[in-house]
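Below: the structure, in structure tokens.
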Amino acid sequence: MLYTLTLNPSIDYIMHINDVKVGETNYANDENMLPGGKGVNVSRVLNQLGVANKALGFIGGHTGRFIEDWLKKEGADHDFISVNGDTRINVKLKGEAETEINGKGPIITKADSEKLLTRVRQLRSTDTIILSGSKSRGLSETFYNQIIDICTEQNISFVIDTNSKELLDILKEKPFLVKPNQAELGQLFNQSIQSKEEAIYYGKKLQEGGAENVIVSLGGDGAIFIDQNQTYLADSPKGKVVNTVGSGDSMIAGFMAGIEKGLTKREAFKLSVQSGSATAFSKDLATKEAILALNNQVIIERVENHEND
Ligand SMILES: Nc1ncnc2c1ncn2[C@@H]1O[C@H](COP(=O)(O)OP(=O)(O)OP(=O)(O)O)[C@@H](O)[C@H]1O
Ligand SMILES: O=P(O)(O)OC[C@@]1(O)O[C@H](CO)[C@@H](O)[C@@H]1O
């Protein structure tokens, strides 16, 4: 069974606006409110793809109820820990450029963080947990490490999507998948990555450091997949970009859905790119239909075979 963990979920308040003028009253052309937070997004896309999963994390107040109600309506399973304080609202301004203002979210007490660790201890060695997004206030800096220690002790497979440097340290615990985007990969190695060759070079370092599978997402330029044996490259399908929020999370969902369904890694990577782009072309996260509609538009090219390295 797959689990997602979102320590700091959100309502994503998406406002479409031509031009934001700082210091003035601006009016949106269109707006919508969606449940958000990286793990919540992964869960919703897994659900679209028909893969059983449960969303874990901390949720609070009327904003938290909005997320729970939405997931319930969609039939997405969840088991959040209720906390005092309101789940945050993240404002996403979609204009010429995309500007995001993410809230802080509630402060998590020691008692609630213990409840979550207890919940993770109940997972089994056949389970995989997808750890995504920033940590809430009140949690220790090493909270992900504490969860990963439980995973290691209990032989639970984990995926981690965090942009902090702690990722380099976590590699030795052998995450099943890591998915930095181009900028995040550069930040990990204090480099500015300018080409696919450079992205492959640094992506391989994550694989060599311990990650079983590495996807480097390159926005509109596609993505790279690296494991011990192969390096694959995919171009992004072409389409009208509506809202890229959650496209990286959709990629994780697509890859993990493919693995759960017994696809090859090459096919799972293809589904990952389809899922990311289908979300970029949608107002909300991608639906199954939108993902499958891109089936003929993603070509996977094998750029390296390192079986004999
Ligand atoms: N302009 C685009 N055109 C087509 N596909 C896109 C575009 N932007 C993003 N995508 C799709 O989404 C995937 C993830 O994009 P990106 O590299 O921006 O990830 P990310 O930064 O983790 O995303 P986010 O943080 O917005 O969820 C890409 O690999 C691609 O499949
Ligand atoms: O503040 P974090 O946890 O890093 O990111 C939160 C967030 O920006 O990530 C998702 C998109 O990936 C959004 O749904 C959400 O608002």
Side-chain angles (χ1 to χ4, degrees), residues 4-15 32-45 55 57-58 63 67 70 87-94 97-105 130-137 139 143-144 160-164 167 177-187 193 196 199 203 215-225 232-255 269-282 284-286 290-291 294 297-300:
T4 65
L5 176 67
T6 317
L7 298 174
N8 205 0
S10 57
I11 288 183
D12 289 347
Y13 189 44
I14 299 168
M15 307 186 93
N32 57 324
M33 242 184 245
L34 296 168
K38 295 188 193 301
V40 169
N41 294 339
V42 175
S43 271
R44 290 187 63 214
V45 177
F58 299 111
T63 41
I67 297 175
W70 192 298
T87 287
R88 63 186 168 154
I89 297 175
N90 292 346
V91 179
K92 317 285 182 180
L93 299 175
K94 305 277 148 193
E98 296 190 332
T99 306
E100 307 197 1
I101 307 168
N102 287 1
K104 276 181 171 299
I130 300 166
L131 313 171
S132 297
S134 59
K135 292 186 234 16
S136 340
R137 291 185 289 170
L139 295 178
F143 197 68
Y144 272 143
I160 180 141
D161 183 20
T162 169
N163 59 10
S164 86
L167 181 64
L177 172 69
V178 297
K179 192 223 69 66
N181 64 25
Q182 185 169 344
E184 288 161 353
L185 181 65
Q187 281 154 19
I193 293 177
K196 288 183 178 162
I215 295 177
V216 182
S217 62
L218 307 170
D221 292 327
I224 293 160
F225 172 82
Y232 294 122
L233 201 57
D235 278 334
S236 291
K238 301 287 166 259
K240 185 173 180 310
V241 175
V242 178
N243 172 23
T244 63
V245 173
S247 54
D249 309 327
S250 304
M251 290 194 90
I252 292 178
F255 185 79
F269 175 50
K270 180 169 182 285
L271 188 58
S272 166
V273 176
Q274 283 174 231
S275 305
S277 293
T279 286
F281 301 156
S282 310
D284 189 355
L285 298 176
I291 294 169
L294 296 179
Q297 289 192 49
V298 179
I299 310 291
I300 306 293

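Values below: every heavy atom of this structure, side chains too, minus hydrogens, waters and symmetry copies. Remember, it's 1-based here, ligands and their atoms both numbered in the order they're listed.
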Regarding [X] and [Y], do their side chains bring together a donor and an acceptor under 3.5 Å, going by distance alone?
{"X": "Thr279", "Y": "Ser247", "result": "no"}
{"X": "Lys92", "Y": "Asn102", "result": "yes"}
{"X": "Ser282", "Y": "Asp284", "result": "no"}
{"X": "Lys179", "Y": "Ser217", "result": "yes"}

Heavy atom under 4.0 Å from ligand 1: found in [X]'s side chain, backbone, both, or neither?
{"X": "Met251", "value": "side chain"}
{"X": "Ala183", "value": "neither"}
{"X": "Ser277", "value": "both"}
{"X": "Asn181", "value": "side chain"}
{"X": "Thr279", "value": "neither"}
{"X": "Lys179", "value": "side chain"}

- [ ] Just jot down the side-chain hydrogen bond (donor to acceptor under 3.5 Å, both in side chains) partners of Thr244, sequence neighbours excluded, or say none.
- [x]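 Testing Thr244 for side-chain hydrogen bond (donor to acceptor under 3.5 Å, both in side chains), a comparison that skips the adjacent residues, returns Glu98.
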Nearest neighbour in protein (non-hydrogen) for [atom]:
{"atom": "atom 19 (O) of ligand 1", "value": "Ser217 OG, 3.2 Å"}
{"atom": "atom 2 (C) of ligand 1", "value": "Gly220 CA, 3.4 Å"}
{"atom": "atom 4 (C) of ligand 1", "value": "Pro237 O, 3.4 Å"}
{"atom": "atom 26 (O) of ligand 1", "value": "Thr244 O, 3.0 Å"}
{"atom": "atom 29 (O) of ligand 1", "value": "Gly222 O, 3.2 Å"}
{"atom": "atom 10 (N) of ligand 1", "value": "Gly219 O, 3.7 Å"}
{"atom": "atom 25 (O) of ligand 1", "value": "Lys38 NZ, 4.5 Å"}

Subset of ligand 1 atoms that lie under 4.0 Å from at least one heavy atom of [X]:
{"X": "Val241", "value": "1 (N), 2 (C), 3 (N)"}
{"X": "Val273", "value": "31 (O)"}
{"X": "Gly246", "value": "27 (O)"}
{"X": "Leu218", "value": "17 (O)"}

Task: ligand 1 N/O within reach of Phe281 N/O, cut-off under 3.5 Å - done: no
- [ ] Say whether Ala280, considering both its backbone and side-chain N or O atoms, lies within less than 3.5 Å of an N or O atom on ligand 1.
- [x] no
Task: Salt bridge flag under 4.0 Å for residues Asp235 and Lys196 - done: yes
Task: Sorted by chain and number, the residues that approach ligand 2 to under 4.0 Å with a heavy atom - done: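 Shell around ligand 2 (4.0 Å, heavy atoms): Ser10, Asp12, Gly36, Gly37, Lys38, Asn41, Arg88, Asn90, Lys92, Glu100, Asn102, Gly133, Ser134, Val245, Gly246, Asp249.
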Open item on the list: Classify the ring geometry of Tyr232 against Phe269: parallel below 30°, tilted from 30° to 60°, perpendicular beyond 60°.
Closed with: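 Rings of Tyr232 and Phe269: parallel, under 30°.
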Task: Worked verdict on Asn8 versus Lys104 for side-chain contact (heavy atoms from CB on, under 4.5 Å) - done: CA-CA 8 Å; Asn8 205 0; Lys104 276 181 171 299; over 6 Å; no
Open item on the list: Quick one: does any side-chain atom of Arg137 pair with a main-chain N or O of Gly105 as donor and acceptor, under 3.5 Å?
Closed with: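 Answer holds: yes.
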Task: From Ser236, Gly248, Ala223 - option closest to atom 23 (O) of ligand 1 by heavy atom - done: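 Looking at heavy atoms only, Gly248 sits closest to atom 23 (O) of ligand 1.
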